[in-house]
Asker: 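My questions will all concern the structure given below.
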Amino acid sequence: MPTLEIDGKAIEVAAGTSVIEAAKRLGIFIPHFCYHPKLSVAANCRMCLVEVEKAPKPMPACATPVADGMKIWTQSPAARKAQNGVMEFLLINHPLDCPICDQGGECQLQDLSVGYGGSASRYQEEKRVVLHKDLGPLVAAEEMSRCIQCTRCVRFGEEIGGVMELGMINRGEHAEIVSFIGRSVDSELSGNMIDLCPVGALTSKPFRYSARTWELSRRRSVAPHDGLGSNLVVQVKQNRVMRVLPLENGAVNECWLSDKDRFSYEGLNAPDRLLRPMVRRGGRLEEAEWEEALERAAEGLRDAGVLASPHATLEELYLAGKLGPADFRLRHSDFSADGRRAGIPWLGMPVAELGTLDRVLVVGSFLRKDHPLLAHRMRQAAKRGAQVHVLHSVDDDWLMPLASKTIVAPNALAGAIAAFKERLAGAKNAAVLLGNFAQQHPQAAALHAAAQALGVQLGFLGEAANSVGGYVAGLPAGGGMPEVLKKDALLLLNVEPRLDCADPRAAERARFIVNLSAWRSDVGDVLLPIVPFTETAGTFVSTEGRVQTFNACVLPAGEARPAWKVLRVLGTMLDRPGTAFDTIEEVRSACLAGRDVAALLSNRIEAGAAAPVVASAGLQRIAEVPIYAADPLVRRSPSLQKTRDARPPRAWMNARLLQKLGLAEGQPVLARMQAGQARLTAALDDKLPEDCVRIAAAHAATADLGPMFGTVSVEKASVEKVA
């Protein structure tokens with residue numbers, strides 16, 4: 001390995017290491033703008049110029065590989081002169097509007113100009129002006145005159161997001177960053193461009209002009225959405241969450257954050273926030289005191305089932321399981337694997353190991369939308385040469401190189417898995433991963449067994465923050481979902497049944513419902529206000545089995561209370577054993593007492609009967625859960641609901657099916673399943689399997705349709721009916 005000297009300090013590094021990386025290991029800072037450790041080298045800002053022995057001119061540290069015997073000076077007169085000169089050029093056209101800039105106080109250009117800029121500018125000519133760009137509802141590009149053309153945002157889209165949504169046009173002083181004509185930035189990771197921008201050119205549109213960085217307190221937390229458990233920095237002003245940023249953790253989310261985790265905080269203070277208990281009187285919900293509401297709730301819950309959200313904390317799920325038959329697998333429709341599994345289904349490996357796989361088969365997953373940052377890791381693996389195979393019922397663009405893609409109808413998924421055995425054979429490190437769609441499938445147990453039979457590592461892509469934690473908490477309890485839905489009384493824990501359940505109408509059959517929710521609802525005879533994740537302490541167990549505990553970031557709003565406290569009181573009133581706790585630490589300790597979570601994890605399943613071939617007498621529904629409809633919090637984020645991914649669902653069919661049904665794209669249609677129906681618009685997707693209709697779930701427009709899987713009919717509808 002080469003040995004070199006930087007500012008008089010010797011270091012030995014691997015061949016190919018850049019000077020800036022070697023200096024970083026020595027704790028020596030070299031000023032830079034375009035360089036980022038997760039992006040390719042562009043070397044276009046030139047701020048990192050250093051003096052290299054025998055080199056005729058200063059060299060860019062980010063683009064200069066080390067060599068044995070090299071001597072480098074980062075603060076010599078020659079290096080400082082070069083760095084100061086670059087800074088002067090960067091500031092020539094910069095508007096110098098720091099007092100009104102959203103980036104003020106956390107701007108890399110502002111910081112470095114103090115150490116490397118002059119006290120006055122020699123530039124007297126008129127500064128250039130770059131017009132603002134409309135990039136969509138999340139990323140603001142209102143002051144593009146501040147852009148220094150570092151191209152971090154461009155490289156991020158192409159290399160991390162998987163799609164080049166921004167690019168640079170023109171040259172010299174006319175160069176500017178633009179989106180493609182008429183296009184917004186629609187990547188599910190787009191918010192990371194804001195973090196990467198070293199100046200105030202790209203800022204957060206929801207956060208814009210709402211607070212200054214020095215006014216904000218910072219709290220660590222964990223994302224409550226998908227199963228990754230991204231680490232967060234929640235920024236607070238006057239007991240209100242103002243912004244959410246990534247907390248770097250190389251083993252989990254690295255330095256990135258999905259837009260769902262970044263912008264869902266807007267829903268925390270939605271207009272329909274439930275702040276006081278409500279009791280149904282004379283058919284109407286009216287505000288009540290906690291004492292009355294709890295008494296009414298306890299009276300009706302003597303023999304009740306519990307539907308709990310997989311986004312609830314470990315402590316909440318543990319206490320919910322003490323109140324009666326309980327389950328958290330709201331969107332699952334096959335529970336035949338219960339009793340046949342050897343342990344808790346999980347990813348099957350640490351998240352970081354996804355990038356080391358040689359071959360992987362992903363079954364039934366809308367990967368980019370269900371797990372944006374797991375998709376990023378898979379994308380990096382594919383770019384390094386890993387073979388990624390896909391078996392699914394839709395042919396969405398995965399934005400990565402794929403070795404093969406097999407698209408079949410939902411009832412053919414289980415039978416199609418065996419064909420991949422040869423494709424995975426011979427690999428040193430191969431895996432099969434079951435996605436949300438596969439876990440929600442009516443033949444989920446058969447898919448599990450067929451995947452296991454491939455003889456490689458088996459993993460589950462956890463749907464929600466506590467898809468693993470729910471099992472750790474002891475759920476399903478008392479027979480699970482089949483028993484829960486038999487009960488005449490139900491307790492809902494952070495659940496909106498019409499949007500969160502496999503069959504939106506299942507929970508509505510109960511005669512008495514107690515709804516523990518952070519938001520107002522028409523569902524329930526008693527509504528008890530609980531707090532979202534930012535107002536309570538708790539624990540999430542990620543899809544890799546990582547136990548992550550967090551504390552409250554702000555105080556509870558109104559009369560809302562942490563759900564674990566409400567469940568504890570109900571347990572006491574119902575005389576349920578094991579619910580008398582004084583602190584959340586006691587609840588957590590009781591749940592995890594003497595239990596090693598890692599030892600509980602296992603994806604083995606006992607062999608059962610061969611998967612029956614399910615014949616379809618009609619059209620099959622393919623239902624995904626849209627990324628910004630997956631849970632109550634994201635559904636209430638105004639900015640996320642303005643994105644392309646939040647458009648109303650449509651009835652997608654291929655051209656042959658449209659012709660067979662006598663329909664045309666854009667025509668109003670009526671879709672029916674069992675006793676339910678939905679009025680939608682027909683849309684064309686020629687990549688769908690034969691006799692299949694793709695209709696999204698988790699949306700008010702499709703809630704009356706019924707189960708996520710099954711036979712659906714589609715017919716022409718009048719414009720009046722659809723309207």
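Sequence positions, counted from 1, serve as the residue numbers for this chain.
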Asker: Quick one, Gln641 and Glu266 - any side-chain contact, counting heavy atoms below 4.5 Å?
Answerer: no

Asker: For the side chain of Arg498 and the backbone of Thr702, is there at least one donor-acceptor N/O pair under 3.5 Å apart?
Answerer: no

Asker: How far does OG of Ser230 sit from CH2 of Trp256, to the nearest 0.5 angstrom?
Answerer: 13.0 Å

Asker: Keeping Gln439 on the side-chain end and Leu461 on the backbone end, is there a donor-acceptor pair under 3.5 Å?
Answerer: yes

Asker: Can you check whether Gln677's main-chain N or O pairs, donor with acceptor, with Arg672's side chain at less than 3.5 Å?
Answerer: no

Asker: Can you tell me if Thr643 and Asp645 form a side-chain donor-acceptor pair at under 3.5 Å?
Answerer: no

Asker: Distance-only, no hydrogens or angles: does the Asn231 side chain make a donor-acceptor pair with backbone N or O of Glu248 under 3.5 Å?
Answerer: no

Asker: CG of Asp596: more than 12 outside heavy atoms within 6.0 angstrom?
Answerer: yes

Asker: How long is the gap from OG on Ser309 to CG on Leu492, to the nearest 0.5 Å?
Answerer: 11.0 Å

Asker: So does Pro246 get a backbone contact from the side chain of Arg262, meaning a donor-acceptor N/O pair under 3.5 Å?
Answerer: no

Asker: Please evaluate residues Leu567 and Leu493 with respect to the criterion side chain to side chain contact (heavy atoms under 4.5 Å, CB included), reporting the C-alpha separation (whole Å), side-chain torsions for both, the decisive distance (0.1 Å), and the verdict.
Answerer: CA-CA 9 Å; Leu567 293 166; Leu493 174 59; 4.1 Å; yes

Asker: Roughly how far, to the nearest 0.5 Å, is the CG atom of Leu527 from the CZ atom of Arg276?
Answerer: 13.0 Å

Asker: Report the C-alpha distance between Thr539 and Thr549 in whole Å, list the side-chain angles of each, state the deciding distance to 0.1 Å, and finish with yes or no for side chain to side chain donor-acceptor pair (under 3.5 Å).
Answerer: CA-CA 4 Å; Thr539 304; Thr549 297; 3.2 Å; yes

Asker: Counting only N and O atoms by type, is there a donor-acceptor contact under 3.5 Å from the side chain of His392 to the main-chain atoms of Val362?
Answerer: no

Asker: What do you reckon, is CZ of Arg604 surrounded by more than 12 foreign heavy atoms closer than 6.0 Å?
Answerer: no

Asker: With distance as the sole test, does Ser333 use its side chain to make a donor-acceptor pair with the main-chain N or O of Gln440 at under 3.5 Å?
Answerer: yes

Asker: Once you round to the nearest 0.5 Å, how far does CG of Leu274 lie from CE of Met278?
Answerer: 7.0 Å

Asker: Going through the distances and angles, do Asp272 and Arg636 end up as a salt bridge (Lys or Arg N to Asp or Glu O under 4.0 Å)?
Answerer: CA-CA 9 Å; Asp272 63 343; Arg636 285 171 172 80; 2.9 Å; yes

Asker: Please output the side-chain donor-acceptor pairs of residues 469-487 that fall under 3.5 Å, not counting sequence neighbours, one pair per line with the distance.
Answerer:
| from | atom 1 | to | atom 2 | distance (Å) |
| --- | --- | --- | --- | --- |
| Glu483 | OE2 | Lys486 | NZ | 3.1 |
| Lys487 | NZ | Asp303 | OD1 | 2.7 |

Asker: Using modelled atom types only, decide if a donor and an acceptor are shared between the side chain of Asn466 and the backbone of Ala312 within a distance under 3.5 Å.
Answerer: yes

Asker: Compare all side-chain heavy atoms of Leu257 with those of Leu245 and state whether any distance is below 4.5 angstrom.
Answerer: no

Asker: Could you check if a side-chain atom of Thr543 sits within less than 4.5 angstrom of a side-chain atom of Ser467, using non-hydrogen atoms only?
Answerer: no

Asker: So which of Lys260, Arg368, His371 actually passes side chain to side chain donor-acceptor pair (under 3.5 Å) with Glu188?
Answerer: Arg368

Asker: Taking atom CZ of Arg218 as the centre, report whether more than 12 heavy atoms of other residues, nucleotides or ligands fall under 6.0 Å from it.
Answerer: yes

Asker: Tell me whether Arg595 at atom CZ has more than 12 heavy atoms from other residues, nucleotides or ligands lying less than 6.0 Å away.
Answerer: yes

Asker: Quick one: CD1 on Ile513 to CG on Asp488, what's the gap to the nearest 0.5 Å?
Answerer: 11.0 Å

Asker: In terms of relative ring orientation, are Phe709 and Phe437 parallel, tilted or perpendicular, with 30° and 60° separating the classes?
Answerer: tilted

Asker: Would Glu559 and Glu287 count as a side chain to side chain contact (heavy atoms under 4.5 Å, CB included) if you check the C-alpha gap in whole Å, the side-chain angles of each, and the deciding distance to 0.1 Å?
Answerer: CA-CA 11 Å; Glu559 295 184 19; Glu287 290 188 353; over 6 Å; no

Asker: So do Asp500 and Pro632 actually touch side chain to side chain, heavy atoms under 4.5 Å?
Answerer: yes

Asker: If I take atom SG from residue Cys501 and atom CE from residue Met708, how far apart are they, to the nearest 0.5 angstrom?
Answerer: 10.5 Å

Asker: Check this for me: Lys369, atom NZ, are more than 12 non-hydrogen atoms of other residues, nucleotides or ligands nearer than 6.0 Å?
Answerer: yes

Asker: Check the side chains of His311 and Asn494 for a donor-acceptor pair under 3.5 angstrom, ignoring hydrogens and angles.
Answerer: no

